[in-house]
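Excluded from the calculations below are hydrogen atoms, water molecules and symmetry mates; all remaining heavy atoms, backbone and side chain alike, are included. Just so you know, these numbers come straight off a predicted model, no measurement behind them.
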Amino acid sequence: MAQLVKLEDYVSRYELDLYRYQGQFIRLKKKRLQQLENKNEKTIEQFKNQLYHFQLNWASSTVREISKVDPRYAHNRLLKWLTTELPDNYFLFFNPVFLVKNAPVQLDIIVVGPRLIWMIVFLEGNDAIFQEQSKRFWVKLDKDRKLKIVNPHLSLQRMHYCTNEWIAAFKEQLRVKKAIVAKDGFIDKPSGWEGTEYVDKRTFSDWLVSVKKEPSPIKSHQLKLVDRMLKHCVTNALLRPEWLE
(Lines give C-alpha, C1' and ligand atoms only; values in the text may rest on other atoms or scores of the structure.)
Protein backbone atom coordinates (compact mmCIF):
# COMPACT_ATOMS: atom_id res chain seq x y z
CA MET A 1 0.00 0.00 0.00
CA ALA A 2 1.28 3.45 -0.89
CA GLN A 3 1.78 5.62 2.18
CA LEU A 4 -0.65 8.56 2.22
CA VAL A 5 1.58 11.32 3.56
CA LYS A 6 -0.57 14.36 2.70
CA LEU A 7 -4.28 14.77 2.03
CA GLU A 8 -5.40 18.29 1.07
CA ASP A 9 -4.42 20.64 3.90
CA TYR A 10 -5.08 18.17 6.71
CA VAL A 11 -2.54 17.65 9.47
CA SER A 12 -0.44 14.53 8.87
CA ARG A 13 1.63 12.42 11.25
CA TYR A 14 4.26 12.19 8.55
CA GLU A 15 4.77 15.94 8.88
CA LEU A 16 5.87 15.43 12.49
CA ASP A 17 8.41 12.71 11.82
CA LEU A 18 8.47 11.16 8.35
CA TYR A 19 11.32 8.79 9.15
CA ARG A 20 9.58 7.38 12.21
CA TYR A 21 6.08 6.97 10.82
CA GLN A 22 6.99 5.52 7.42
CA GLY A 23 8.84 2.69 9.09
CA GLN A 24 6.15 2.24 11.71
CA PHE A 25 3.47 1.92 9.06
CA ILE A 26 5.30 -0.90 7.27
CA ARG A 27 5.90 -2.74 10.55
CA LEU A 28 2.25 -2.41 11.61
CA LYS A 29 1.04 -3.60 8.24
CA LYS A 30 3.36 -6.62 8.27
CA LYS A 31 2.39 -7.55 11.82
CA ARG A 32 -1.32 -7.27 11.10
CA LEU A 33 -0.97 -9.39 7.95
CA GLN A 34 0.86 -12.10 9.87
CA GLN A 35 -1.96 -12.19 12.43
CA LEU A 36 -4.56 -13.08 9.83
CA GLU A 37 -5.29 -16.77 10.04
CA ASN A 38 -7.19 -17.25 6.79
CA LYS A 39 -5.51 -15.22 4.09
CA ASN A 40 -8.18 -15.75 1.47
CA GLU A 41 -9.25 -13.11 -0.99
CA LYS A 42 -12.10 -11.87 1.19
CA THR A 43 -9.88 -11.53 4.24
CA ILE A 44 -7.25 -9.62 2.22
CA GLU A 45 -10.06 -6.35 0.30
CA GLN A 46 -11.26 -6.43 4.40
CA PHE A 47 -7.57 -6.04 5.45
CA LYS A 48 -6.99 -3.40 2.78
CA ASN A 49 -10.17 -1.60 3.76
CA GLN A 50 -9.07 -1.46 7.40
CA LEU A 51 -5.66 -0.15 6.41
CA TYR A 52 -7.25 2.46 4.18
CA HIS A 53 -9.23 3.93 7.07
CA PHE A 54 -6.14 3.66 9.24
CA GLN A 55 -4.25 5.74 6.68
CA LEU A 56 -7.04 8.32 6.57
CA ASN A 57 -6.65 8.71 10.30
CA TRP A 58 -2.90 9.19 10.08
CA ALA A 59 -3.34 11.68 7.23
CA SER A 60 -5.77 13.85 9.21
CA SER A 61 -4.68 13.74 12.84
CA THR A 62 -1.81 13.63 15.30
CA VAL A 63 -1.73 13.05 19.04
CA ARG A 64 -2.30 16.77 19.62
CA GLU A 65 -4.16 18.00 16.52
CA ILE A 66 -7.01 16.99 14.26
CA SER A 67 -8.38 18.21 10.94
CA LYS A 68 -11.98 18.13 9.79
CA VAL A 69 -12.09 15.53 7.06
CA ASP A 70 -14.50 15.63 4.16
CA PRO A 71 -16.69 12.54 4.85
CA ARG A 72 -16.62 11.64 1.15
CA TYR A 73 -13.03 10.49 1.56
CA ALA A 74 -14.26 7.47 3.48
CA HIS A 75 -15.56 6.12 0.16
CA ASN A 76 -13.36 7.92 -2.35
CA ARG A 77 -12.69 5.24 -4.97
CA LEU A 78 -9.65 6.92 -6.51
CA LEU A 79 -7.87 7.59 -3.23
CA LYS A 80 -8.65 4.11 -1.97
CA TRP A 81 -7.44 2.57 -5.21
CA LEU A 82 -4.16 4.50 -5.11
CA THR A 83 -3.39 3.62 -1.51
CA THR A 84 -4.28 -0.05 -1.85
CA GLU A 85 -2.82 -0.82 -5.29
CA LEU A 86 0.53 0.98 -5.22
CA PRO A 87 3.36 -0.60 -3.19
CA ASP A 88 4.73 0.49 0.19
CA ASN A 89 7.77 2.19 -1.30
CA TYR A 90 5.63 4.98 -2.81
CA PHE A 91 4.57 8.11 -0.95
CA LEU A 92 1.28 9.69 -1.99
CA PHE A 93 0.28 13.37 -1.99
CA PHE A 94 -3.45 13.56 -2.80
CA ASN A 95 -4.74 17.05 -3.65
CA PRO A 96 -2.06 18.62 -1.45
CA VAL A 97 -1.98 22.36 -0.78
CA PHE A 98 1.48 23.89 -1.11
CA LEU A 99 2.58 27.36 -0.10
CA VAL A 100 4.07 28.91 -3.24
CA LYS A 101 5.30 32.49 -3.00
CA ASN A 102 3.16 32.98 0.12
CA ALA A 103 0.02 31.79 -1.64
CA PRO A 104 -1.74 28.44 -1.14
CA VAL A 105 -1.96 26.33 -4.31
CA GLN A 106 -3.84 23.04 -4.50
CA LEU A 107 -2.39 20.42 -6.81
CA ASP A 108 -3.59 17.07 -8.12
CA ILE A 109 -1.74 13.82 -7.39
CA ILE A 110 1.98 13.34 -6.78
CA VAL A 111 3.50 9.94 -6.11
CA VAL A 112 7.15 9.80 -5.04
CA GLY A 113 8.92 6.49 -5.59
CA PRO A 114 12.55 5.39 -5.11
CA ARG A 115 13.44 6.30 -8.70
CA LEU A 116 10.43 8.06 -10.22
CA ILE A 117 8.13 10.91 -9.31
CA TRP A 118 4.72 10.61 -10.93
CA MET A 119 2.60 13.71 -11.45
CA ILE A 120 -0.85 12.48 -12.38
CA VAL A 121 -4.19 13.95 -13.41
CA PHE A 122 -7.04 11.44 -13.35
CA LEU A 123 -10.06 11.86 -15.62
CA GLU A 124 -13.29 10.30 -14.38
CA GLY A 125 -15.92 8.81 -16.66
CA ASN A 126 -17.00 5.29 -17.54
CA ASP A 127 -16.42 4.79 -21.29
CA ALA A 128 -16.22 8.56 -21.75
CA ILE A 129 -14.07 9.96 -24.56
CA PHE A 130 -11.72 12.86 -23.83
CA GLN A 131 -10.60 15.14 -26.64
CA GLU A 132 -8.53 18.30 -26.75
CA GLN A 133 -10.55 21.29 -27.92
CA SER A 134 -7.97 24.02 -27.36
CA LYS A 135 -4.85 24.67 -25.31
CA ARG A 136 -7.14 25.68 -22.46
CA PHE A 137 -10.05 23.24 -22.70
CA TRP A 138 -10.86 19.62 -23.45
CA VAL A 139 -14.26 18.08 -24.05
CA LYS A 140 -15.66 15.00 -22.34
CA LEU A 141 -18.05 12.99 -24.49
CA ASP A 142 -20.12 10.96 -22.06
CA LYS A 143 -23.06 9.12 -23.61
CA ASP A 144 -25.30 11.89 -24.96
CA ARG A 145 -23.53 14.68 -23.10
CA LYS A 146 -20.70 16.92 -24.19
CA LEU A 147 -18.96 18.63 -21.29
CA LYS A 148 -16.16 21.18 -21.35
CA ILE A 149 -13.35 20.56 -18.87
CA VAL A 150 -10.09 22.37 -18.14
CA ASN A 151 -7.16 21.03 -20.13
CA PRO A 152 -5.43 18.57 -17.77
CA HIS A 153 -2.04 19.63 -19.10
CA LEU A 154 -2.51 22.90 -17.24
CA SER A 155 -2.73 20.97 -13.97
CA LEU A 156 0.44 19.07 -14.84
CA GLN A 157 2.22 22.32 -15.64
CA ARG A 158 1.10 23.79 -12.32
CA MET A 159 2.39 20.77 -10.41
CA HIS A 160 5.74 20.97 -12.18
CA TYR A 161 6.07 24.70 -11.56
CA CYS A 162 5.16 24.48 -7.87
CA THR A 163 7.49 21.58 -7.02
CA ASN A 164 10.39 22.02 -9.41
CA GLU A 165 12.49 24.00 -6.94
CA TRP A 166 12.56 21.11 -4.46
CA ILE A 167 12.75 18.30 -6.99
CA ALA A 168 15.63 19.87 -8.95
CA ALA A 169 18.04 19.12 -6.11
CA PHE A 170 17.39 15.40 -6.62
CA LYS A 171 17.44 15.27 -10.43
CA GLU A 172 20.35 12.82 -10.43
CA GLN A 173 18.40 10.28 -8.35
CA LEU A 174 14.77 10.92 -9.26
CA ARG A 175 13.14 11.34 -12.65
CA VAL A 176 9.82 13.14 -13.11
CA LYS A 177 7.12 11.51 -15.22
CA LYS A 178 3.77 13.10 -16.07
CA ALA A 179 0.61 11.22 -16.90
CA ILE A 180 -3.01 11.91 -17.77
CA VAL A 181 -5.00 8.84 -16.81
CA ALA A 182 -8.55 7.90 -17.81
CA LYS A 183 -8.79 4.53 -16.08
CA ASP A 184 -12.31 3.79 -17.35
CA GLY A 185 -12.42 5.98 -20.43
CA PHE A 186 -10.61 6.79 -23.66
CA ILE A 187 -8.23 9.60 -24.59
CA ASP A 188 -7.79 10.94 -28.10
CA LYS A 189 -4.08 11.69 -27.83
CA PRO A 190 -3.44 15.38 -28.56
CA SER A 191 -0.38 16.74 -30.30
CA GLY A 192 2.06 19.40 -29.20
CA TRP A 193 2.49 18.26 -25.59
CA GLU A 194 5.86 16.63 -25.02
CA GLY A 195 6.80 14.44 -22.10
CA THR A 196 3.29 13.34 -21.10
CA GLU A 197 2.00 9.78 -20.98
CA TYR A 198 -1.64 9.18 -21.92
CA VAL A 199 -3.15 6.19 -20.16
CA ASP A 200 -6.70 5.04 -20.78
CA LYS A 201 -8.84 1.92 -20.64
CA ARG A 202 -6.81 0.33 -23.44
CA THR A 203 -3.42 0.71 -21.77
CA PHE A 204 -4.20 1.10 -18.08
CA SER A 205 -3.41 -2.48 -17.00
CA ASP A 206 0.02 -2.45 -18.63
CA TRP A 207 0.77 1.00 -17.21
CA LEU A 208 -0.16 -0.12 -13.70
CA VAL A 209 2.09 -3.17 -13.96
CA SER A 210 5.00 -0.96 -15.03
CA VAL A 211 4.41 1.42 -12.11
CA LYS A 212 4.19 -1.40 -9.57
CA LYS A 213 7.39 -3.01 -10.86
CA GLU A 214 9.62 -0.96 -8.59
CA PRO A 215 11.75 -3.44 -6.65
CA SER A 216 13.94 -0.82 -5.00
CA PRO A 217 13.42 -0.25 -1.28
CA ILE A 218 12.72 3.21 0.10
CA LYS A 219 15.76 5.41 -0.54
CA SER A 220 17.29 8.17 1.59
CA HIS A 221 17.02 10.74 -1.21
CA GLN A 222 13.35 9.81 -1.61
CA LEU A 223 12.71 10.48 2.08
CA LYS A 224 14.61 13.76 1.96
CA LEU A 225 12.48 15.01 -0.91
CA VAL A 226 9.18 13.93 0.68
CA ASP A 227 10.21 15.57 3.94
CA ARG A 228 11.09 18.78 2.12
CA MET A 229 7.78 18.79 0.29
CA LEU A 230 5.85 18.22 3.51
CA LYS A 231 7.56 21.22 5.06
CA HIS A 232 6.15 23.40 2.27
CA CYS A 233 2.59 22.10 2.60
CA VAL A 234 -0.24 24.11 4.11
CA THR A 235 -1.83 22.58 7.22
CA ASN A 236 -5.09 23.52 8.91
CA ALA A 237 -5.90 21.78 12.18
CA LEU A 238 -7.24 22.33 15.68
CA LEU A 239 -5.97 21.14 19.01
CA ARG A 240 -7.80 18.13 20.34
CA PRO A 241 -10.24 19.01 23.16
CA GLU A 242 -8.21 17.13 25.75
CA TRP A 243 -5.17 19.29 24.95
CA LEU A 244 -7.20 22.49 25.26
CA GLU A 245 -8.08 21.47 28.80
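- Heavy atoms only, all atoms of each residue included: E65 and A237 are closest at CB-CB, 4.0 Å.
- Atom OG of S12 and atom CG of L18 lie 8.5 Å apart (nearest 0.5 Å).
- Of the possible polar contacts, one joining the T163 side chain to the M159 backbone as a donor-acceptor pair under 3.5 Å is found.
- We find the OH-CZ distance between Y73 and F94 to be 5.5 Å, quoted to the nearest 0.5 Å.
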- Query: Between I218 and F91, is a side chain to side chain contact (heavy atoms under 4.5 Å, CB included) present by the stated rule, with each step listed?
  - Reply: CA-CA 10 Å; I218 293 172; F91 296 99; 3.8 Å; yes
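- The cluster map of Ile, Leu, Val, Met, Phe, Trp and Tyr, joined by side-chain heavy atoms under 4.5 Å apart, puts L4 and Y21 in different clusters.
- Interatomic distance, CD of Q22 versus CD1 of I26, reported as 5.5 Å (0.5 Å rounding).
- Of the possible donor and acceptor atoms, one in the side chain of H221 sits under 3.5 Å from a partner among the backbone N and O of P114.
- If you take CG on L208 and OG1 on T203, they are separated by 11.0 Å, rounding to the nearest 0.5 Å.
- Residues L123 and I129 fall into different hydrophobic clusters, defined by Ile, Leu, Val, Met, Phe, Trp and Tyr side chains chained together at heavy-atom separations under 4.5 Å.
- Put simply, W58 and F47 are part of the same group of oily side chains (I, L, V, M, F, W, Y) that touch within less than 4.5 Å, one to the next.
- A donor-acceptor contact shorter than 3.5 Å is absent between the side chain of T196 and the backbone of W193.
- The minimum heavy-atom distance linking L82 with A2 is given by the pair O-CB, 3.8 Å.
- In E165, the CD atom is not crowded: 12 or fewer heavy atoms of neighbouring residues, nucleotides or ligands sit closer than 6.0 Å.
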- Going through the distances and angles, do Y198 and H153 end up as a ring pair (Phe, Tyr, Trp, His ring centres under 6.0 Å)? CA-CA 11 Å; Y198 302 94; H153 287 103; 5.6 Å; yes
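- Panel note: side chain T62, backbone R13; no donor-acceptor pair is recorded below 3.5 Å.
- For W166 and F98, the gap between ring centers is short of 6.0 Å.
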- Residues K213, V209; criterion side chain to side chain contact (heavy atoms under 4.5 Å, CB included); working and verdict: CA-CA 6 Å; K213 278 186 176 179; V209 169; 3.8 Å; yes
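- Summarising the geometry, atom SG belonging to C162 is positioned 9.5 Å from atom NZ belonging to K101; distances are rounded to the nearest 0.5 Å.
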- Item | side chain to side chain contact (heavy atoms under 4.5 Å, CB included) evaluation trace for E8 with S67 | CA-CA 10 Å; E8 292 199 15; S67 297; over 6 Å; no
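- In this structure, Y161 places its OH atom where only 12 or fewer heavy-atom neighbours from other residues, nucleotides or ligands lie under 6.0 Å away.
- Listed by first and then second residue, the salt bridge (Lys or Arg N to Asp or Glu O under 4.0 Å) pairs that reach into residues 126-142 are D127-K201, D142-R145, sequence neighbours excluded.
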- Query: Going through the checks in order, is the side chain to side chain contact (heavy atoms under 4.5 Å, CB included) test met by I149 and F130?
  - Reply: CA-CA 9 Å; I149 62 174; F130 298 91; 3.9 Å; yes
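- Judged by distance alone, the side chain of N89 and the main-chain N or O of S216 form a donor-acceptor pair under 3.5 Å.
- At a threshold of 4.5 Å between side-chain heavy atoms, the hydrophobic network of Ile, Leu, Val, Met, Phe, Trp and Tyr places I120 and L116 in one connected group.
- For F204 and W81, the ring centers are positioned less than 6.0 Å apart.
- Looking at K29, K30, Q3 one by one, the single match for side-chain hydrogen bond (donor to acceptor under 3.5 Å, both in side chains) with D88 turns out to be K29.
- Using a distance-only test at 3.5 Å, with no hydrogens or angles considered, a donor-acceptor pair links the side chain of Q222 to the main chain of K219.
- The main-chain N or O of K6 is never found under 3.5 Å from a side-chain atom of E15 such that the two would form a donor-acceptor pair.
- None of I110, L79, V112 except one satisfies the side chain to side chain contact (heavy atoms under 4.5 Å, CB included) rule with L92; the exception is L79.
- A ring-centre distance under 6.0 Å is not found for H232 and F93.
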Which donor-acceptor pairs under 3.5 Å do side chains of residues 169-190 form with protein atoms, sequence neighbours excluded?
residue: K177; atom: NZ; partner: E197; partner atom: OE2; Å: 2.9
residue: D188; atom: OD2; partner: Q131; partner atom: NE2; Å: 2.7

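- No side-chain heavy atom of L86 sits less than 4.5 Å from a side-chain heavy atom of M1.
- Judged by distance alone, with hydrogens and angles left aside, the side-chain atoms of Y90 form a donor-acceptor pair with the main-chain N or O of V211 at under 3.5 Å.
- Between F25 and F54, the ring planes lie parallel to each other; the angle is under 30°, not in the 30° to 60° tilted range.
- Counting only distance, with no hydrogens or angles, the side chain of S60 and the backbone of Y10 share no donor-acceptor pair below 3.5 Å.
- Two residues are said to be in side-chain contact when any heavy atoms from C-beta on lie closer than 4.5 Å; L225 and I167 meet this criterion.
- Linking ILVMFWY residues whenever their side-chain heavy atoms come closer than 4.5 Å, directly or via other members, places Y14 and Y19 in the same cluster.
- Between Q24 and L28 there is a side-chain heavy-atom pair separated by less than 4.5 Å.
- A distance of 11.0 Å separates CG in L51 from CG in L56, rounded to the nearest 0.5 Å.
- Minimum heavy-atom separation, N151 to W138: OD1-NE1, 3.1 Å.
- Crowding of K80 atom NZ: a count of heavy atoms from other residues, nucleotides or ligands under 6.0 Å exceeding 12.
- By the 4.5 Å heavy-atom criterion applied to side chains, M119 and D108 are not counted as neighbours.
- Note on K212 versus E85: salt bridge recorded, some NZ/NE/NH1/NH2 to OD/OE distance being below 4.0 Å.
- Side chains of N95 and L7 form no contact here, defined as non-hydrogen atoms less than 4.5 Å apart.
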